[in-house]
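Being a predicted model, the structure only gives us computed values, none of them experimental.
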Amino acid sequence: MNNKFRLISFYLFLHWLQLYRINATPIKLLLHRKLLYILHTLLLVVFFMITTYFVATSQPLVFVPVQEDATFINALSAKYDAQFKEELASLPKENKKDFEKVYKMRWDNVTEIFDKKEMYTSVSARQYLDALVAEIVKSNPVLQQQHFNCYFSRSGVPNAGYIGEGIILFNMGLFKRLENESQAVFILCHEISHFYLGHSEKSINQYVASINSMETQNELRKIKGNEYGKRQQVDNLLKGLTFDFRRHGRDHESQADSMAIEFMRHTRYDIAESLTTLALLDSIDTDTFDMTACLSKTFDAKDYAFQKKWIVKEEGLLGGHAQLKEDKILTDSLKTHPDCKLRIQILEPMVSRYQTPGTVKNVVNKSKFTEFKNTFSYEIVEFAYSTDNFTRSLFYTLELMESKPGDPYLIAQVGKIFNGFYAAQKAHKLGKLIDLPSPYYPANYNLLLQFVQNLYLENYASVSYHFLKQYYPSLAYYPPFVNAFDTSKKIAEL
C-alpha cells in the first residue's frame, strides 16, 4: 500500500468517526463515556493493524520456483517406460541388436530428462501448452488419432525437439525469446511434423542399414586384415555413420517446415509468423550480451573494486587459459538452428499462397503468453542452479539483471552462486559446478567462465559479501537474501 492510499484511508476513517460522533448522541446518553472511549480506541487499533499489515505485505512480488510434482513425473516415467518396452519388442528381427542399441540410446536421453527433473510440472503452464496444441490438433483431423504429448522443458537452451516415445519438449530458453503465440505454434507444428513424418525412426533405420551394408562390412574386413592402426581406421569409417538422435538432417528440417505450414494454415494463427520465427532462430545464437561491461558494473563495490585482471585471458602453457580462436566453419556447423535463411526462402511461396485474412497472432491467451515468458526467464536460472551448473545459472542471472536490476531473487541468486563457488573450491570440487572455456561456447559466456577461473578462494568470498552488502538492509525482508548475506559474512570472516 503506498503513502497516498494510506492517507486517503486514514482521512476516510476520521471522516466516518466524526459522523459517528455527530449521529450517536442518543447512544451517548445511554452508554458510559468510558465505554465510548474504549470503542473508539479499539477502532483506531484495528485501523492501524490493517494499515500496518498492508505496509508489511506491500513488498514487490518475488519469484518463487514451482515445486516439482513428483507424483505426476513418476506416473509419466512409468507410462513411457512401458511404452518403450513395447517398442523394443516390436523391432525388426533382422539386425535387432543394432536397432536395440540405438533405441536404448534414445531412451537413455529420455530417462535423463526425468532424472534431472527437466519437465516443468506447473499445472497452469501445462494447461496453457495443452491449449496451444489443442488449437493445432482440432484443426487437423490427421493428428487427432496420433499419440504425442508436449511438455515445457526447464532448459535454457533456445531449442525444442521431438525426443522419441511421442514426447515433444519446448525449452523455456526458446519460449522466452518469442514474440507471440503464432511463433510458438509454428515451432510446435514443426516438432509435431518430425513426429508425424517419423523422421527419428527413419534416421535410425538408415543408420542400421548403413552399418550393416555390404560396403561397410567389406571395409571392416579389410581393416581387420591390417596389422596396425585398426582402431583408428574403424573410428574413421564409423565417424560418418554415427547416429545422433538429437539432430535432424537438413532434408528433414525442410520437410518438417513444409508440413508445419500445412498444419498451421488450418488454424486461426498467422502463418506469416513462421517466417519471423525462422528469422529469430537464425540470430538466436548471436553474441549480443556485453559481458565485460556487465561484470565490471555488477561487481564493482564501494569497498571492493572490480579488478581488470579478473577477466584477463592468460597465454602460454602454464598461464592457465589458452586463447580461443573463432572458427567460422565450426560456428556455422554448431548453430542451434542451421540454414534458417534458406528455410525462409523455401517457405515464402507457401506462406504467400496460404495466407488468408482474419488470422491473428494470439488465440489462446496473450496475457498468459507474456506471463510465462517472464516466469521462464527465472525458471531457467533456478534449473541450471539445481542441476549443479552454477556458471550457466550465473550467466542467466546476470543477463536477466540487465532488464531487472534490484530484483531480490536475482540478487540473492548471485550471492548463493558465489558462496557455492567458495564452498566447492574449498572442497576441491569446483570443477563439478562450472563449465570451462571452450570454442563451442559464445564469446560472452567464455568471458564469464574466464572470470570464474581467474578468481581465488578469497575472491569468491569477498565478491559475494561486498555485492550483497550493497542491498542490505533494503532486502532484509527477503529470507533467501538474508541467508546468502549471512553466509557470505561468515566465509569472508567479517
Side-chain angles (χ1 to χ4, degrees), residues 63-84 103-130 132-133 148-178 184 187-188 190-192 194-195 200 244-248 284 336-337 372-397 399-400 409 413 416-417 420 432-435 440-441 445:
F63 166 73
V64 178
V66 170
Q67 294 298 310
E68 180 206 8
D69 185 340
T71 302
F72 174 75
I73 288 295
N74 291 337
L76 274 188
S77 181
K79 167 190 169 183
Y80 288 119
D81 182 61
Q83 186 173 304
F84 169 67
Y103 273 89
K104 179 65 165 58
M105 182 170 64
R106 190 174 74 169
W107 174 246
D108 287 343
N109 179 59
V110 176
T111 56
E112 183 181 359
I113 287 168
F114 281 112
D115 292 342
K116 289 167 59 180
K117 303 176 182 178
E118 185 175 326
M119 285 186 178
Y120 193 51
T121 58
S122 161
V123 173
S124 60
R126 281 160 39 201
Q127 290 174 340
Y128 177 74
L129 185 58
D130 287 345
L132 294 181
V133 175
F148 66 91
N149 293 97
C150 301
Y151 307 96
F152 280 125
S153 158
R154 297 164 67 204
S155 170
V157 177
N159 209 348
Y162 168 62
I163 62 173
E165 307 310 320
I167 302 172
I168 293 170
L169 291 184
F170 200 139
N171 291 5
M172 290 180 174
L174 176 56
F175 190 89
K176 78 183 187 72
R177 303 283 288 273
L178 303 181
I187 290 167
L188 288 169
H190 178 93
E191 299 307 330
I192 291 170
H194 280 309
F195 163 78
S200 180
D244 188 349
F245 56 85
R246 294 163 297 185
R247 298 179 72 91
H248 293 285
I284 209 161
T336 311
H337 307 277
F372 287 126
K373 276 186 58 170
N374 179 65
T375 300
F376 292 174
S377 297
Y378 289 92
E379 286 287 359
I380 64 173
V381 170
E382 186 69 21
F383 178 66
Y385 182 81
S386 67
T387 52
D388 292 335
N389 192 334
F390 281 20
T391 45
R392 182 60 66 179
S393 182
L394 180 59
F395 179 85
Y396 294 144
T397 301
E399 187 178 43
L400 190 53
Y409 169 82
Q413 186 67 14
K416 284 170 58 178
I417 290 171
K432 295 181 178 181
L433 303 179
I434 65 173
D435 290 326
Y440 299 98
Y441 298 136
Y445 187 51

(message) Just verifying a value: how many Å separate Arg177 CZ and Ile284 CD1, rounded to the nearest 0.5 Å?
(response) 4.5 Å
(message) To check you understand the geometry: which heavy-atom pair defines the closest contact between Cys150 and Leu188, and what is its length?
(response) SG-CD2, 4.1 Å
(message) So which atom in Lys373 and which in Lys176 form the shortest heavy-atom distance, rounded to 0.1 Å?
(response) CE-O, 3.2 Å
(message) Let me confirm one number: the CZ-NZ distance from Phe383 to Lys117, rounded to the nearest 0.5 Å.
(response) 10.5 Å
(request) Might you work through the side chain to side chain contact (heavy atoms under 4.5 Å, CB included) test for Met119 and Leu169, ending with a clear yes or no? (result) CA-CA 8 Å; Met119 285 186 178; Leu169 291 184; 4.1 Å; yes
(message) Taking Val381's backbone N and O only, do any of them form a donor-acceptor pair with Ser393's side chain (distance below 3.5 Å, no angle check)?
(response) yes
(message) If we ignore hydrogens and angles and just use 3.5 Å, is the side chain of Asp81 paired with the main-chain N or O of Ser77 as donor and acceptor?
(response) no
(message) What verdict does the side chain to side chain contact (heavy atoms under 4.5 Å, CB included) test give for Ile187 and Leu178, after you've listed the backbone C-alpha separation in whole Å, the side-chain angles of each residue and the deciding distance to 0.1 Å?
(response) CA-CA 10 Å; Ile187 290 167; Leu178 303 181; 3.9 Å; yes
(request) Give, for atom OG1 of Thr111 and atom OH of Tyr80, the distance between the pair rounded to the nearest 0.5 Å. (result) 14.0 Å
(message) Any side-chain to backbone donor/acceptor pair from Glu379 onto Val66? Under 3.5 Å, distance only.
(response) yes
(message) Once you measure the plane-to-plane angle for Tyr385 and Phe390, does it fall in the parallel (<30°), tilted (30-60°) or perpendicular (>60°) bin?
(response) parallel
(request) Check whether the ring centres of Tyr162 and Phe148 lie less than 6.0 Å apart, and answer yes or no. (result) no
(message) Once rounded to the nearest 0.5 Å, what's the spacing between atom OG1 of Thr387 and atom NZ of Lys116?
(response) 6.0 Å
(request) Give the C-alpha distance, both sets of side-chain angles, the deciding distance and a yes or no for side chain to side chain contact (heavy atoms under 4.5 Å, CB included) between Lys79 and Asn149. (result) CA-CA 12 Å; Lys79 167 190 169 183; Asn149 293 97; 3.5 Å; yes
(request) Evaluate the ring planes of Phe63 and Tyr378, with Trp represented by its six-membered ring, and classify them as parallel (under 30°), tilted (30 to 60°) or perpendicular (over 60°). (result) parallel
(message) Just verifying a value: how many Å separate Phe372 CZ and Ser122 OG, rounded to the nearest 0.5 Å?
(response) 5.5 Å
(request) First locate atom CD1 of Ile113, then atom CG of Leu76, and finally report the distance between them rounded to the nearest 0.5 Å. (result) 12.0 Å
(message) Testing the basics here: between Arg106 and Ser200, what is the closest heavy-atom pair and its distance to 0.1 Å?
(response) NH1-OG, 2.8 Å
(request) Determine yes or no for a side-chain-to-main-chain donor-acceptor pair under 3.5 angstrom, with Arg126 supplying the side chain and Thr121 the backbone. (result) yes
(request) Would you tell me whether Ser155 and Glu118 have side-chain atoms, one donor and one acceptor, within less than 3.5 Å of each other? (result) no
(request) Search all heavy atoms of Ala184 against all heavy atoms of Phe175 and return the closest pair with its distance. (result) CB-CE1, 4.1 Å
(message) On a heavy-atom basis, which atom in Val110 and which in Ile163 lie closest, and how many Å separate them?
(response) CG2-O, 3.8 Å
(message) Donor-acceptor check, side chain of Thr391 to backbone of Asp435, threshold 3.5 angstrom: yes or no?
(response) yes
(request) Write down the atom of Leu400, the atom of Ser377, and the distance for their closest heavy-atom approach. (result) CD2-O, 3.7 Å
(message) Less than 4.5 Å apart, side chain to side chain, heavy atoms only: is that true for Asp108 and Lys104?
(response) yes
(request) Apply side chain to side chain contact (heavy atoms under 4.5 Å, CB included) to the pair Gln413 and Ile417, showing each step before the final yes or no. (result) CA-CA 6 Å; Gln413 186 67 14; Ile417 290 171; 4.0 Å; yes
